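Everything below concerns the one structure shown next.
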Amino acid sequence: MKNKYFPNLASPITINGVTFKNRIFGAPMSNPELDPDCHMREEDIAFHANRGRGGLASVCIGLGIVEAVGRSHTKEVILYDDMSLPSLKRMANEFHKHNCKATMELAHGGKFGAARSHAAAEYSLIGPNDEVNAQGVPVKAMTDEQIEATAQSFGDAAKLVKEAGFDMILIHGGHGWLLGQFASPYFNRRTDKWGGSLENRMRFSLLVIDKVREAVGPDFPIEFRMSGEECIPGGYDVKEAVEMAKMIDGKVDIIHVSAGIHENDDVFVITHPSMMIEHGCNVHLAAEIKKHVKTPVATLGGINDVDMMEEIIASGKADIVEVARQSLCDPYFPEKAFSGKKEDITQCCRCYSCFFNYLSNRNYCCAFNPVIGDELEHKYGFPATTPKKVVVVGGGPGGMEAAVTAAQRGHSVTLYEKKDRLGGQIVHEQYIPFKKDMYHFIEVLAARCEKEGVEVHLNTEVTPEQVEAMGADVVISAVGAKPVVPQIPGIDSKKVVGLEALESEKPAVGQKVVVLGGGLVGSEVGIYLDMLGKDVTIVEMKDTWAADSYWMHKVALDKYIRDSKIQIKVSTTAKEVTEQGLLCDTPDGELLLEADTILLAAGMKADRALADELYNTAPRVFEVGDAIKAGRVVDAVKVGYYRALDI
């Protein structure tokens with residue numbers, strides 16, 4: 001019987017004798033931390049198991065490294081060590097508890113290998129050519145014997161993974177990893193049987209496939225990940241990718257089509273799509289390859305909408321949709337979709353909070369999902385609590401998350417918001433096309449407030465005295481922040497507006513707009529106004545713009561700005577608002593920027609006056625979000641969630 005909500009997406013698919021319960025697979029995600037021996041900890045197992053618990057048909061553990069010289073980071077699962085077996089068996093068992101198939105990615109960094117690992121001093125890097133890589137480390141061209149030995153290491157790793165109880169192997173042949181380096185005309189400059197023609201460049205990948213097949217046997221699924229195009233000058237395009245796919249057709253059981261290479265920043269935000277790129281940006285590559293092969297094809301690329309996933313399968317663009325970040329944002333989205341609750345799905349906004357924390361803080365994280373990174377703590381739930389009366393002051397994302405969580409815990413919750421709608425600072429992003437998923441998040445939170453019985457009062461600004469008179473057991477102060485307003489002559493001019501000018505389908509701004517403040521918010525606003533055809537200049541005091549953005553997101557912003565008409569003035573200080581525009585001090589002297597509108601985006605600061613007055617209005621008072629310090633959504637949501645658990 002077909003699912004009545006998503007009949008194609010929910011339909012099972014059998015791959016080489018293994019039946020997957022639906023068409024949504026968890027794409028490879030690796031571990032920011034492991035134990036000292038590079039084996040998976042209980043925290044890592046709990047993280048990946050949580051992805052499988054919510055309905056994904058399969059989840060892939062990323063970056064299982066097949067030999068020591070292939071390590072590109074210090075924390076990758078080492079598949080050349082039999083002592084990895086215990087943790088891998090634990091992982092497979094956890095997936096199987098949830099009827100989720102276990103997949104392991106086999107990878108090798110090649111020329112980008114041990115240069116960034118603690119083994120750097122022990123090995124000479126290997127790759128297609130004799131060269132010095134981007135990190136300044138010498139790379140030796142692999143000999144025939146090394147190529148054969150490395151191919152065998154893929155087979156040995158596959159055998160170990162199968163022994164651990166995994167259900168499928170994914171061979172990483174794209175993104176500029178070792179096999180991708182050999183397949184690429186950009187990377188591979190060899191003139192022997194391993195280079196030159198496409199047949200020669202693919203010879204290594206085909207050898208690896210043969211070794212893996214020999215190791216796992218004929219009845220074990222093999223998935224092969226390739227880039228549908230490399231997205232760089234001198235790299236291969238989709239036409240050549242089609243020919244590559246034909247070469248592996250029938251030799252593997254899934255052709256997994258991604259895009260790009262990982263060592264180029266501009267391409268990184270295509271391989272891992274930014275919010276500046278349309279959802280499903282790489283689906284066309286899989287669709288083209290699928291026309292030419294019989295092997296089932298998997299696609300991915302910033303896909304977070306179950307209706308889009310259904311259309312991809314129904315239209316025959318691909319047989320399988322793979323997701324990574326979406327499975328963090330809402331691990332239960334498949335279950336919600338297939339049970340008719342898609343309106344409760346939290347959609348990934350592609351903000352790169354997960355990437356930033358993975359690379360910088362070495363932990364799992366999601367801006368919208370406070371459980372990510374703490375799955376082990378949540379595995380068995382939390383002790384029961386005595387129902388209490390809770391008052392939440394402020395309806396931004398932190399306040400809403402706290403209200404929903406408290407209500408789910410059985411408390412009686414009332415929320416007061418001084419504006420006419422919930423959402424806090426995110427409200428002004430409603431009409432910004434690349435922030436629609438961010439705005440959708442507050443719509444989902446608002447719906448959850450209603451579902452959980454939170455009593456919401458809009459257009460209601462409460463005083464500390466009123467709050468105290470409510471007799472609450474707990475008050476959650478989520479009063480938010482207020483904009484920083486430069487104290488310069490003319491700042492009260494009618495041509496000066498705040499972010500509220502964006503809260504309508506047609507922003508209340510003129511044709512020539514100066515955005516005062518070139519942080520993340522100001523930069524994004526400038527891009528939005530440029531999209532609308534406005535003449536935009538961004539003014540920033542610091543010597544760089546968007547200094548508070550994650551570097552991955554700034555790459556995406558920079559890609560847009562380079563091709564736009566936006567002017568950015570850094571090391572520039574606003575001096576006075578005049579009838580003509582904004583007078584500034586620059587390193588080269590005074591500069592008048594003509595403007596019809598000056599839009600304030602100079603930052604936010606916590607509204608400490610009100611927050612301080614709310615102290616002692618109840619036996620327990622918690623602060624969340626910008627009431628503590630103006631910051632990111634991820635901080636507001638996580639703190640709101642955990643403060644509610646403290647009740």
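It should be emphasised that the depicted structure is a prediction, and the values quoted were computed from it without experimental measurement.
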Original post:
Any donor and acceptor pair, going by atom type alone, linking the side chain of H457 with main-chain N or O of Y416 inside 3.5 Å?
Top reply: no
Subject >> Under 3.5 Å: donor-acceptor pair, side chain of R23, backbone of A318 >> reply: no
**OP:** Decide whether E524 and Y560 meet the rule of one side-chain donor and one side-chain acceptor closer than 3.5 Å.
**Re:** no
Subject >> Gap between atom NZ of K559 and atom OG of S564 - 0.5 Å precision >> reply: 13.0 Å
**OP:** Check for a donor-acceptor pair, side chain of N357 on one end and backbone N or O of N363 on the other, with a separation under 3.5 Å.
**Re:** no
Original post:
Do R350 and P273 have side-chain heavy atoms sitting under 4.5 Å apart?
Top reply: yes
Original post:
In terms of side-chain heavy atoms, does D437 have a donor or acceptor partner in H279 at a distance below 3.5 Å?
Top reply: yes
Original post:
Does a side-chain heavy-atom distance below 4.5 Å link Q511 with K534?
Top reply: yes
Subject >> Shortest non-hydrogen contact from V515 toward A601 >> reply: CG1-CB, 4.0 Å
**OP:** May I ask you to say whether K342 pairs ionically with D307, meaning some side-chain N is under 4.0 Å from a carboxylate O?
**Re:** yes
**OP:** Please check if the distance between the ring centroids of Y352 and Y550 is under 6.0 Å.
**Re:** no
Subject >> T460 side chain to L458 backbone, donor-acceptor under 3.5 Å >> reply: yes
Original post:
Just checking, is any N or O donor in the side chain of Y358 or S30 under 3.5 Å from an acceptor N or O on the other one?
Top reply: yes
Original post:
Sub-3.5 Å donor-acceptor pair from the side chain of T572 to the main-chain atoms of V570, do we have one?
Top reply: yes
**OP:** Step through the shown structure and confirm whether more than 12 heavy atoms of other residues, nucleotides or ligands are within 6.0 Å of CD on E377.
**Re:** yes
Subject >> Distance-only donor-acceptor check, side chains T405 and E401, under 3.5 Å >> reply: yes
Original post:
Any Lys/Arg nitrogen of R562 or D558 sitting under 4.0 Å from an Asp/Glu carboxylate oxygen of the other?
Top reply: yes
Original post:
Is K317 paired with E311 through a side-chain N to carboxylate O contact shorter than 4.0 Å?
Top reply: yes
Original post:
More than 12 heavy atoms of other residues, nucleotides or ligands under 6.0 Å from CE of M276: is that the case?
Top reply: yes
Original post:
Are the side chains of N282 and L300 in touch, meaning some heavy atoms are under 4.5 Å apart?
Top reply: no
Original post:
Say you draw a straight line from CD1 of I647 to CZ of F622; how long is it, rounded to the nearest 0.5 Å?
Top reply: 6.0 Å
Original post:
Any side-chain heavy atom of Q326 sitting closer than 4.5 Å to one from I303?
Top reply: no
**OP:** Looking only at non-hydrogen atoms, find the nearest pair between I372 and C366 and report the distance.
**Re:** CG1-CB, 3.9 Å
Original post:
Salt bridge check: are R608 and E623 linked by an N-O gap of less than 4.0 Å?
Top reply: yes
**OP:** Can you see which heavy atom on I488 is nearest to which on L582, and at what distance?
**Re:** CD1-CD1, 4.3 Å
Subject >> Pairwise side-chain contact, L600 with I491, heavy-atom cut-off 4.5 Å (strictly under) >> reply: yes
Original post:
Measuring from L593:CG to T578:OG1, what's the distance to the nearest 0.5 Å?
Top reply: 9.5 Å
Original post:
Are a donor atom and an acceptor atom from the side chains of Y364 and N31 found within less than 3.5 Å of each other?
Top reply: yes
**OP:** Determine the interplanar angle of the F268 and W551 rings, folded into 0 to 90°, and report it as parallel if under 30°, tilted if 30 to 60°, perpendicular if over 60°.
**Re:** tilted
Original post:
Looking at S523 and L557, what are the two nearest heavy atoms and their distance?
Top reply: CB-CD1, 4.4 Å
Subject >> Side chain T463, main chain Q466, donor-acceptor under 3.5 Å >> reply: yes
**OP:** For a side-chain hydrogen bond (donor to acceptor under 3.5 Å, both in side chains) with Q430, tell me which candidate from E443, K436, E505, R421 qualifies.
**Re:** R421
Original post:
Backbone N or O of G373 within a donor-acceptor pair of the E375 side chain at under 3.5 Å?
Top reply: yes
Subject >> Donor-acceptor side-chain pairing of N8 and E310 below 3.5 angstrom >> reply: yes
Subject >> Closest heavy-atom pair and its distance - G423, P397 >> reply: O-CD, 3.7 Å
**OP:** Please tell me if the side chains of F368 and C349 come closer than 4.5 Å, counting only heavy atoms from C-beta onward.
**Re:** yes
Original post:
Do side-chain atoms of N3 reach the backbone of F338 as a donor and acceptor pair under 3.5 angstrom?
Top reply: yes
Original post:
Does E540 reach the main-chain N or O of K542 with its side chain, forming a donor-acceptor pair under 3.5 Å?
Top reply: yes
Original post:
What are the two closest non-hydrogen atoms of V283 and T299, and how far apart are they?
Top reply: CA-OG1, 3.4 Å
Original post:
Which value, rounded to the nearest 0.5 Å, describes the distance between S477 atom OG and L610 atom CG?
Top reply: 6.5 Å
Original post:
Would you say W545 and I561 make side-chain contact, with heavy atoms under 4.5 Å?
Top reply: yes
Original post:
Taking C-beta and beyond as the side chain, do D473 and V390 meet within less than 4.5 Å on heavy atoms?
Top reply: no
Subject >> Pairing of R448 and D344 as salt bridge, 4.0 angstrom limit >> reply: yes
**OP:** Please check if any side-chain donor atom of S493 sits under 3.5 Å from a side-chain acceptor atom of K495, or the reverse.
**Re:** no
Original post:
Just by distance, do the side chain of R632 and the backbone of S353 share a donor-acceptor pair under 3.5 Å?
Top reply: no
Original post:
Residues in side-chain contact (heavy atoms from CB on, under 4.5 Å) with K605, at least two apart?
Top reply: K482, V484
